[in-house]
Amino acid sequence: NAGVMQNPRHLVRRRGQEARLRCSPMKGHSHVYWYRQLPEEGLKFMVYLQKENIIDESGMPKERFSAEFPKEGPSILRIQQVVRGDSAAYFCASSALPATDTSSYNSPLHFGNGTRLTVT
Amino acid sequence: AQSVTQLGSHVSVSEGALVLLRCNYSSSVPPYLFWYVQYPNKGLQLLLKYTSAATLVKGINGFEAEFKKSETSFHLTKPSAHMSDAAEYFCAVITNAGGTSYGKLTFGQGTILTVHP
């Protein structure tokens, strides 16, 4: 019973390159969240996706960042033209229930181990 | 908007001593509160949650937390610290944004717990 799988675990990019972070949710989960953890800070919500839909991207930077969760395959967080300030740990979490289902409070998010992005 | 504040970014205790990690929340609606633990280079693991049932919540690994509405607090405790408890702990509240994204969590800054022999 695999949990949330993220890859790569570590990613090093030079300034200006693109970073692609992948997240495979737990089996049977169709709701994915992305969070970012900057050094010495708590996790900050970025985006909430269901299959083929972006539901809430209020935490996404306006430029260079995009996310998708296609019908088939993992969710992808894409960062174009990375800068040093993008260096952080990026965590994916999944849920079996839609975010508007209050019973989901009793089964909250399952987190992956994260992708640690370093921009040199 | 909901938010949480964790008092003390670092807490150090001796093995066998009481662990107390503080969390205060701010919410205009009844909150749903969580404590997560993060071990080095790992994801977050849920310790316990408060969802408006019993105010004293028991979690895994001997941790518990008490919801106190009058103090707007949800402090995490463990009677006797173990070396394996050394990790970073996050308090979180569900963010209710106009009826959508109930599953969106707002996290505190985190408290690093050090346990020394």
Side-chain angles (χ1 to χ4, degrees), chain A residues 2-10 23 25-26 29-50 53-60 89-116, chain B residues 1-10 21 23 25 27 29-54 57 59-60 67 87-112:
Chain A
V4 178
M5 303 300 292
Q6 290 188 249
N7 67 80
R9 290 296 305 277
H10 300 275
C23 169
M26 285 183 68
H29 287 192
S30 58
H31 304 272
V32 166
Y33 299 75
W34 284 93
Y35 285 81
R36 177 166 65 173
Q37 184 179 28
L38 293 168
E40 303 196 8
E41 292 188 17
L43 280 73
K44 297 285 196 294
F45 167 82
M46 297 181 76
V47 62
Y48 163 45
L49 309 104
Q50 296 177 16
N53 287 303
I54 296 174
I55 307 302
D56 181 350
E57 56 181 347
S58 58
M60 288 278 270
Y90 292 82
F91 290 94
C92 170
S94 73
S95 172
L97 296 172
T100 52
D101 185 335
T102 56
S103 61
S104 69
Y105 300 163
N106 290 315
S107 179
L109 308 180
H110 297 262
F111 283 84
N113 286 341
T115 293
R116 279 143 186 91
Chain B
Q2 290 84 349
S3 65
V4 290
T5 302
Q6 291 182 242
L7 301 175
S9 58
H10 291 79
L21 305 181
C23 173
Y25 68 89
S27 177
V29 298
Y32 293 85
L33 294 158
F34 305 83
W35 275 100
Y36 282 85
V37 60
Q38 184 181 27
Y39 297 101
N41 296 316
K42 297 289 187 182
L44 275 69
Q45 180 182 6
L46 180 67
L47 277 177
L48 48 79
K49 58 183 183 285
Y50 168 75
T51 56
S52 74
V57 181
I60 62 171
F67 174 73
E88 189 163 15
Y89 293 80
F90 292 94
C91 182
V93 63
I94 280 190
T95 306
N96 183 343
T100 62
S101 299
Y102 283 96
K104 185 166 71 176
L105 293 170
T106 296
F107 286 87
Q109 297 284 76
T111 298
I112 296 173

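Between the A:Y33 side chain and the B:L105 main chain, no donor and acceptor come within less than 3.5 Å of each other.
In this structure, the portion of A:Q37 lying under 4.5 Å from any heavy atom of chain B is its side chain and not its backbone. Proximity to chain A is limited to the side chain of B:Q38, based on heavy atoms less than 4.5 angstrom apart.
Proximity of A:L43 to B:Y36: side-chain heavy atoms (C-beta onward) are nowhere separated by under 4.5 Å.
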